There are 2 protein chains.
Amino acid sequence: MTNDNTMRMTRQRQVILEELKAMHTHPTADELHRRVRARMPSISLATVYRNLKLLAEAGFITEIRTVGVQRRYEGNVDDHYHLTCVRCGRVDDAPVPADSDLQEAVNNATGYRVLSHRVEFLGVCPSCEKSSTQNPTARSGRGNRVSYKQSHNRKEFYQ
Amino acid sequence: MTNDNTMRMTRQRQVILEELKAMHTHPTADELHRRVRARMPSISLATVYRNLKLLAEAGFITEIRTVGVQRRYEGNVDDHYHLTCVRCGRVDDAPVPADSDLQEAVNNATGYRVLSHRVEFLGVCPSCEKSSTQNPTARSGRGNRVSYKQSHNRKEFYQ
DNA sequence: GTAGGAATGGGAATCATTATCAGAATGACG
DNA sequence: CGTCATTCTGATAATGATTCCCATTCCTAC
């Protein structure tokens, strides 16, 4: 890509963009790579990463950074928040409007020049909830130990 | 650690906890490791990671996941939001109260069982702002290219 | 004391992402 | 059209934060 605000729309770039826009989920780079390879078998994962990055910087798509290790991408570029399943890593859109006043408040109350903000909700998605097998058998500690409250089931801590 | 809500308070664990509580910043694991080694030279980075994780799960400290690659930790366990510098990665507390109503709204409007939420503000901190050298010399694109608006200065995208 | 579980240190492994680089594709311009 | 500079691609290596592994050490209960 040049630095004059233009880029070639190569076949690879186009297919990546088309496929992402056609999916209404929030795929990771390798999930999208698998899908793009159906149309273009020789495309490499590096090309997918490279173009997702460029397309996100250019504003065509959104890169989502969640609590999970892997980044996710989406075709929707409207400003909105996300909801992540702490069990399986699935990401959905959160049904609450983005709040620019909050960002403005932080901008005014600090020495930072605030550019953006991100909100992420963490929870258990319907399908993980169905297949759950909770057994919180807590006993009380004693002896020369420090006791504590578990803030959440450790197994739920998605990656 | 056992799974009966107790843990030994080993010397390593104690020193890690004390040092983190004494710092009023938001260090990464390796920053804290350097500091702890001043008191306990043989402690390994793996032990620091292990104990930060356990202490966070037990609710003694907070693990902060920001846009940066490295996680950060803090002694303050009150519910609050963070503000990250996109240039240098520095993290500060955001001076706005945590909003539990927002989380409740998402819980009620989705099939998820929402457990928590995170809010992160991104901006340029005062010291990076001072040392900035902006030169947004945008020319218009032409030819068989796709033009776009840069949503932000690429260099600001803190890893 | 001693046995058994828990924790440590150090180094290897993991894994998402980025860098590198030679060759292929593309666009500009005569 | 042909050439040339630039951009892009595919393959693979490198990176780096975090976790895993495991032999040894440490604690705690009895």
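Quick note on labels: first sequence line is chain A, next is B, and so on, each numbered from 1. As the structure is a prediction and not an experimental result, all values here were calculated from the model. Values below: every heavy atom of this structure, side chains too, minus hydrogens, waters and symmetry copies.
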Rounded distance in Å - [atom1] ([X]) to [atom2] ([N]):
{"X": "B:Arg34", "N": "D:dA17", "atom1": "CZ", "atom2": "P", "value": "10 Å"}
{"X": "A:Leu52", "N": "D:dT9", "atom1": "CG", "atom2": "P", "value": "12 Å"}
{"X": "A:Asp30", "N": "C:dT17", "atom1": "CG", "atom2": "C1'", "value": "11 Å"}
{"X": "A:Met9", "N": "D:dT7", "atom1": "CE", "atom2": "P", "value": "16 Å"}
{"X": "A:Leu32", "N": "C:dT17", "atom1": "CG", "atom2": "C1'", "value": "15 Å"}
{"X": "A:Leu55", "N": "D:dT7", "atom1": "CG", "atom2": "C1'", "value": "15 Å"}
{"X": "A:Leu45", "N": "C:dT20", "atom1": "CG", "atom2": "P", "value": "18 Å"}
{"X": "B:Arg8", "N": "C:dG5", "atom1": "CZ", "atom2": "P", "value": "11 Å"}

Out of [options], which has the shortest distance to the side chain of [X]?
{"X": "A:Tyr49", "options": "D:dT18, D:dT7, C:dT17", "answer": "C:dT17"}
{"X": "B:Val69", "options": "D:dT19, D:dT7, D:dA17", "answer": "D:dA17"}
{"X": "A:Gln70", "options": "D:dT19, C:dT17, D:dC26", "answer": "C:dT17"}

Open item on the list: I want to check one thing: is the phosphate of C:dT18, taken as OP1 and OP2, less than 4.0 Å away from some side-chain N or O of A:Arg71?
Closed with: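 Affirmative; the distance criterion is met.
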TODO: Would you indicate, yes or no, if C:dT18 has its OP1 or OP2 atom less than 4.0 angstrom from a side-chain nitrogen or oxygen of A:Lys53?
DONE: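 For A:Lys53, the contact criterion (side-chain N or O under 4.0 Å from OP1 or OP2 of C:dT18) is met.
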TODO: Might you work through the side chain to side chain donor-acceptor pair (under 3.5 Å) test for B:His26 and B:Asp92, ending with a clear yes or no?
DONE: CA-CA 7 Å; B:His26 304 76; B:Asp92 284 292; 5.3 Å; no
Task: Heavy-atom closest contact (B:Val119 atom, A:Leu102 atom, distance) - done: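 In this case the closest contact between B:Val119 and A:Leu102 is CG1-CD2, 4.5 Å.
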Task: Option from B:Leu54, B:Asn76, B:Asn51, B:Leu17 for which side chain to side chain contact (heavy atoms under 4.5 Å, CB included) with B:Ile61 holds - done: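 Testing each of B:Leu54, B:Asn76, B:Asn51, B:Leu17 against B:Ile61, the sole residue satisfying side chain to side chain contact (heavy atoms under 4.5 Å, CB included) is B:Leu17.
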- [ ] Do nucleotides 8-14 of chain C as a string where each nucleotide becomes B, S or -: B if the base has a protein heavy atom under 4.0 Å, S if just the sugar-phosphate does, - if no protein is that close.
- [x] BBBB---
- [ ] Tell me yes or no: between the side chains of A:Glu120 and A:Thr84, is some donor less than 3.5 Å from an acceptor?
- [x]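 A donor-acceptor contact under 3.5 Å links the two side chains.
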- [ ] Indicate whether any N or O donor in one side chain lies under 3.5 Å from an N or O acceptor in the other, for A:His82 and A:Glu74.
- [x]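 Note: A:His82 and A:Glu74 side chains meet the donor-acceptor criterion.
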Open item on the list: With salt bridge (Lys or Arg N to Asp or Glu O under 4.0 Å) as the rule and sequence neighbours excluded, what pairs involving residues 22-37 of chain B come up?
Closed with: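 The answer is B:Glu19-B:Arg35, B:Asp30-B:Arg34, B:Glu31-B:Arg72.
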- [ ] Please list, chain by chain and in numerical order, all residues satisfying ring pair (Phe, Tyr, Trp, His ring centres under 6.0 Å) with B:Tyr81, sequence neighbours excluded.
- [x]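 Once residues adjacent in sequence are excluded, the partners of B:Tyr81 under the ring pair (Phe, Tyr, Trp, His ring centres under 6.0 Å) criterion are B:His117.
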